[in-house]
Amino acid sequence: MQRNYLDELNESQRAAVQCTEGPVMIVAGAGSGKTRVLTYRIAHLVKGGVDSFNILALTFTNKAARAMKERIARIVGPESRNLWMGTFHSVFARMLRAEADKLNYPSNFTIYDTDDSKSLIKAILKEQGIDDKVYKPSSVLARISQIKTLLISHKDYSRNEIYIEDDKLAGRPHFGTIFSLYCKRCFKAGAMDFDDLLFNTNILLRDFPEVLFKYQNKFKYILVDEYQDTNHSQYEIVKRLAARFQNICVVGDDAQSIYAFRGANIRNILNFEKDYPDMKTFKLEQNYRSTQTIVKAANGVIAKNKEQLKKVVWTDNEKGEQIKLLRALTDNEEGIQVAQEIFSIKMNRQAKNKEFAILYRTNAQSRPMEEALRRNSIPYKIYGGLSFYQRKEIKDMLAYFRLAVNPNDEESLARVINYPARGIGETTIGRIRVAASDNDIGIWTVLENLKDFSLDINAGIQNKLADFVTMIKSFGVMLTTHNAYDLGYHIAKTTGILKELYDDKTVEGLSRYENLEELLNGLKEFSVGEREAPIDLPGSFETQNSETTVSHLRTLDAYMQDIALLTTEDQKGEAENLDVVSLMTVHLAKGLEFPYVFVTGLEENLFPHQFSMDDRADMEEERRLFYVAITRAEKKVTLSFATSRYRWGKLVSSDPSRFLEEIDQQYLDYPKQPALTDSNHWDFDKVIQQKETKNKPKINPHPALKKNLISQQQAKYTNKSFDPSLLKDLQVGMNVQHERFGTGKVVSMEGVFPNNKATVFFDGVGQKQLLLKFARLEILR
DNA sequence: GCTTCTACCGTTTTT
DNA sequence: CGGTAGAAGC
């Protein structure tokens, strides 16, 4: 146990840690030891006699919460287990479960993720006969989210003339109806979406004084990390909870607010003083992370923003190298240059792969980077993108789990009522849907009482439906008698999913099966107590009083609680220890640091992004984003841009980003030839010409293979079995070339199998991990 | 009801 | 380019 933890802090850090009572705002510049202060502050509270049960710490990601919890545990020991530390969503989901009855929700309500919400909206549009081109599900959802974040209920909305008028003018008069239907359907399904978690928490704290009182007393000390990224709904929750004791400590940096698009309100931090007039402010301005060059260059750029709190980030660190700029003709070349630069830094300075990060504005930019890294045999990992829990096979399985817990969950029901195929088609489901909405009840209720509705469904299918209902019900019963793994495995087996995936011997089928196995392994570890629930919070809000009459069985519904709130990063421990280059969006990089950082795609309309160009506030957010990007670096920043870029399969020309010009020249190392300011620099036609005349390597597929080449769609439905271990061998020292072939991309890979020479053709290579969708493999003897 | 094919469409960031 | 909705065929 560390005794002198306070000695490890500088003066302003220590002051911020020791001022435990009353409202406190800590403005923490990039790299100023923010996490350390937060950690020690909590430790200090606990050491000072505060019951950890009374501390609530809200973080931005589950990962951040977990990391901080570990650090605190090292200082204060096992007492840290009782801390309430997690994201807004996960903490308040737990609270809502404890208090669900007050809002007439079941305590085992389902959490809808974005996909669920979208498909619900799609279903509503279809039923209402509304054109989904005019009302695009994603924009409808975005608007719903926006409204809920402002704490406007669907009832208030549809009563408000101004909104109605606005929607009419916007050409979307039905929006109010869709919104109401959406809310009602969620409620009926016993489901909350992400925004509901916060919205309903607000309702709970607003309309139930005794509940508010209870939690105000419970959470005597509240800490909020990344306060600059809280939205209105979150702001209100914090305000209500902290109203009694006012022991609220917010930590943030207005210069790093990058989530306004999601409703984050930078005013929350800018106006903190107005909300709590007697607050104390602490500024952490010394940067311990980066070189002087990086800190100064970053300061210079962010200074262009008008709206910000006053602070001066400075550093004692060495001057360091200039920021290097790479320029390339195309995005692919940009990737090559970046890979080469990484390679040379690795060689010259004995740097490890994990010391590098490549950051970009949009996920789509990862591809050229991946390709170049792979060609240079530099291992990498992409963060973000599709999370484990968003994969089809996992979602299918989870849908059954969700149904077991809450059969009213219509999104899950729709997902699996005919998966694996059991002869229940669209028409049948449509009829049931109609019956449900005619009687204003849920689909599940119709299914349960099928005989009471004279539906035009033949007896055979009726029986199938009845079987389905019986099956789901039997799962529900087993929730209390079996542990998570036993039930999970039972479900996988009886539904036929296990067999379905096992029988699928395509490459993608195989990886699906592996994913399912991984899910089941997770359940197993959880069931035998080797692993906590995916989101690890203290058991329940009631723990102090209610003694455990509950059995010690670790059940599936305990495991399932907040699974929708998990992201890729939360899956297992993994990665951290791997020696690989990290690739991620700038958003994802917040809170991380790397010795060498590459910020790529610095082109006008890309970074800053084109959608942010017309609005000053948006542009300032882009600038903050850029600020975040370069301040991740400890030793060296390398910026890169391409003068033309493939987008949507087309080569388009682009100009260098304005951010490049905003960096003080003395900190920037321009590429030698030609100068950036040349007017000839972006001779787009020339680039095109070069592209076209470049002699592309021709691949002539073996005639025997050529006739076997199949389209994506064909491949999708073709189960061709082969030994996947061959693929793994093949990846060593292979030579990958691309060629367009009909629709999609055909990639020829040549490599040496243990015994045979092989040529492999893949249609539509999933570049992600070289794990291939739609693969065909042939071995030449 | 299931499979296959074709035509079109979107393209920011995420708890 | 890659994904998907809906039409056409089985």
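In summary, the side chains of A:Glu334 and A:Ser640 do present a donor paired with an acceptor at a separation below 3.5 Å, with no hydrogens or angles considered. Residues A:Tyr182 and A:Asp193 have side chains that bring a donor and an acceptor to within less than 3.5 angstrom of each other. Between the side chains of A:Ser233 and A:Asn202, at least one donor N or O lies within less than 3.5 Å of an accepting N or O.
Side-chain nitrogen and oxygen atoms of A:Thr585 include at least one within less than 4.0 Å of the OP1 or OP2 phosphate oxygen of B:dT14. For the pair A:Asn363 and B:dT13, the criterion of a side-chain N or O lying under 4.0 Å from OP1 or OP2 is met. Put simply, A:Arg262 has no side-chain N or O that comes within less than 4.0 Å of OP1 or OP2 on B:dT12. Residue A:Asn605 places none of its side-chain N or O atoms closer than 4.0 Å to OP1 or OP2 of B:dT12. Between A:Asn231 and B:dT15 there is no side-chain N or O to OP1 or OP2 distance below 4.0 Å. Contact annotation: A:Thr428 side-chain N/O to B:dG1 OP1/OP2 distance is under 4.0 Å.
Nearest to the side chain of A:His609, among B:dT14, B:dT15, B:dT12, sits B:dT12.
Between A:Glu622 atom CD and B:dT12 atom C1' there is a gap of 8 Å when expressed in whole angstrom units. Look at CZ on A:Arg361: it is 5 Å from C1' on B:dT13, rounded to the nearest Å. Summarising the geometry, the separation between CD1 on A:Ile457 and P on B:dG1 is reported as 9 Å, rounded to the nearest angstrom. One interatomic measurement links the two molecules: CD1 of A:Ile258 to P of B:dT15, which rounds to 11 Å at whole-angstrom precision. Rounded to a whole Å, the CG atom of A:Asp115 is 10 Å from the P atom of C:dT4. In this structure, A:Lys133 atom NZ and C:dG6 atom P are separated by 7 Å, rounded to whole Å. The NE2-P distance, from A:His232 to B:dT15, rounds to 22 Å in whole Å. Following rounding to the nearest Å, A:Phe611 (CZ) and B:dG10 (C1') show an atom-to-atom distance of 9 Å.
Backbone-only contact: A:Thr427 has heavy atoms under 4.0 Å from sugar-phosphate atoms and none from a base. Residue-level contact check: A:Tyr259 touches the backbone only, with heavy atoms under 4.0 Å from sugar-phosphate atoms and none from bases. Using a 4.0 Å heavy-atom distance criterion, A:Ile461 is classed as a sugar-phosphate-only contact. Using a 4.0 Å heavy-atom distance criterion, A:Asp132 is classed as making no nucleic acid contact. Nucleic acid contact class of A:Lys122 (heavy atoms, under 4.0 Å, all strands): sugar-phosphate only.
Residue A:His89 and nucleotide B:dT15 are not classified as a stacked aromatic pair, given the requirement of ring centres less than 5.5 Å apart at an interplanar angle below 30°. In this pair, A:Phe261 lays its aromatic ring flat on the base of B:dT13, centres within 5.5 Å and planes under 30 degrees apart.
Checked against side-chain hydrogen bond (donor to acceptor under 3.5 Å, both in side chains), A:Arg632 has the following partners two or more places apart in sequence or in another chain: A:Gln256.
For the atom pair A:Leu583 CG and A:Thr600 OG1, the distance stands at 8.0 Å (nearest 0.5 Å).
Using cut-offs of 30° and 60° for the angle between ring planes, the A:Phe611 and A:His609 rings count as perpendicular.
Only the C1' atoms considered, B:dT12 is 24 Å distant from C:dA5, to the nearest whole Å.
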